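Everything below concerns the one structure shown next.
Predicted model, so just to flag it, every value in this text is computed and none were measured.
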Amino acid sequence: MTQTEQDGWVVVTVTGEMDLISSPAVRQKVHDAVADGQRSLVLDLGDVRFCDSSGVGVLIGARRLMRSCAGRLRVVLPEQGEPGPTGGAHVNRVLAALGVRRLFDVFPDLTAATDDTARPLSA
């Protein structure tokens with residue numbers, strides 16, 4: 001997991017898995033960014049190949065936190081990926097299956113997510 005800044009957005013890039021082991025670190029990064037006064041956050045999940053319920057819980061919690069401080073949250077999730085559970089396409093399918101994807105402003109890549117004129121993908 002890395003944290004950078006791009007065009008006024010804090011970008012937290014998560015790779016690998018968002019599960020019971022890794023999710024607390026993602027949650028902490030989000031909370032730290034807000035505590036530092038950041039109100040524009042992108043979670044780049046394009047390289048997350050697995051996400052369980054704890055990962056989904058972190059995403060919903062991040063959304064709630066950003067809304068409570070009048071912040072903005074954008075999520076990078078490619079719509080399609082290689083066959084099987086690879087890349088953000090897996091997370092996209094999990095969120096859609098649970099009916100919560102529509103809660104997020106989803107963008108296909110980091111360039112679009114950090115562009116204030118870009119529109120999110122349809123839910």
Side-chain angles (χ1 to χ4, degrees):
M1 182 173 37
T2 61
Q3 180 175 321
T4 58
E5 283 196 40
Q6 184 171 326
D7 298 327
W9 291 82
V10 171
V11 178
V12 175
T13 302
V14 183
T15 60
E17 300 181 353
M18 280 186 60
D19 57 14
L20 190 60
I21 303 297
S22 60
S23 290
V26 177
R27 178 182 294 112
Q28 190 62 51
K29 280 279 191 196
V30 171
H31 283 264
D32 289 348
V34 171
D36 288 342
Q38 302 296 328
R39 297 298 181 262
S40 298
L41 178 70
V42 173
L43 288 175
D44 184 348
L45 307 179
D47 289 327
V48 173
R49 65 181 182 275
F50 176 79
C51 180
D52 68 9
S53 60
S54 61
V56 173
V58 167
L59 294 175
I60 291 171
R63 177 183 181 269
R64 186 177 301 128
L65 176 63
M66 295 308 292
R67 289 175 62 97
S68 74
C69 67
R72 301 182 294 169
L73 174 66
R74 292 181 172 184
V75 179
V76 174
L77 288 173
E79 289 189 281
Q80 297 180 347
E82 298 295 320
T86 59
H90 167 75
V91 180
N92 216 353
R93 289 190 301 272
V94 168
L95 295 179
L98 293 173
V100 297
R101 185 182 179 281
R102 62 183 167 68
L103 299 176
F104 300 97
D105 288 337
V106 176
F107 292 81
D109 55 48
L110 187 55
T111 301
T114 57
D115 178 353
D116 286 331
T117 63
R119 299 178 64 89
L121 298 169
S122 62

(message) Checking Val10 against Gln3 for the side-chain contact (heavy atoms from CB on, under 4.5 Å) test, could you report, in this order, the C-alpha distance in whole Å, the side-chain angles of both residues, the deciding distance, and whether it holds?
(response) CA-CA 7 Å; Val10 171; Gln3 180 175 321; 3.6 Å; yes

Side chains of residues 16-38: which donor-acceptor partners sit under 3.5 Å, not counting sequence neighbours?
unit_1 : atom_1 : unit_2 : atom_2 : d
Asp19  : OD1    : Ile21  : N      : 3.1
Asp19  : OD1    : Ser22  : N      : 3.0
Asp19  : OD1    : Ser22  : OG     : 3.2
Ser22  : OG     : Glu17  : O      : 2.6
Ser22  : OG     : Asp19  : N      : 3.1
Ser23  : OG     : Asp19  : O      : 2.8
Ser23  : OG     : Ser54  : OG     : 3.4
Ser23  : OG     : Gly55  : N      : 3.3
Gln28  : NE2    : Asp32  : OD1    : 2.7

(message) Among residues at least two apart in sequence or on other chains, which ones pass side chain to side chain contact (heavy atoms under 4.5 Å, CB included) with Asp7?
(response) Thr114

(message) Using a 4.5 Å cut-off between side-chain heavy atoms of Ile, Leu, Val, Met, Phe, Trp and Tyr, which other residues end up in the same hydrophobic cluster as Leu110?
(response) Trp9, Val11, Val42, Val76

(message) Going by side chain to side chain donor-acceptor pair (under 3.5 Å), name the residues that satisfy it together with Thr2, two or more places apart in sequence or in a different chain.
(response) none

List, one per line, each side-chain donor-acceptor pair under 3.5 Å for residues 60-72, sequence neighbours excluded.
unit_1 : atom_1 : unit_2 : atom_2 : d
Arg63  : NE     : Leu103 : O      : 2.8
Ser68  : OG     : Leu65  : O      : 2.7
Arg72  : NE     : Ser40  : OG     : 3.3
Arg72  : NH1    : Asp116 : OD1    : 3.2
Arg72  : NH2    : Ser40  : OG     : 2.9

(message) According to a hydrophobic-cluster definition based on side-chain heavy atoms being under 4.5 Å apart (Ile, Leu, Val, Met, Phe, Trp, Tyr only), do Leu77 and Val14 belong together?
(response) yes

(request) Decide side-chain contact (heavy atoms from CB on, under 4.5 Å) for Val100 and Leu59; before the verdict, give the C-alpha distance in whole Å, the side-chain angles of both, and the deciding distance to 0.1 Å. (result) CA-CA 10 Å; Val100 297; Leu59 294 175; over 6 Å; no

(message) Rounded at 0.5 Å granularity, tell me how far CG in Asp47 sits from OG1 in Thr15.
(response) 6.5 Å

(request) Following the transitive rule for hydrophobic clusters with a side-chain heavy-atom cut-off under 4.5 Å over Ile, Leu, Val, Met, Phe, Trp and Tyr, establish whether Leu95 and Phe107 coincide in one cluster. (result) no

(message) Is any side-chain heavy atom of Val56 closer than 4.5 Å to one of Cys51?
(response) yes

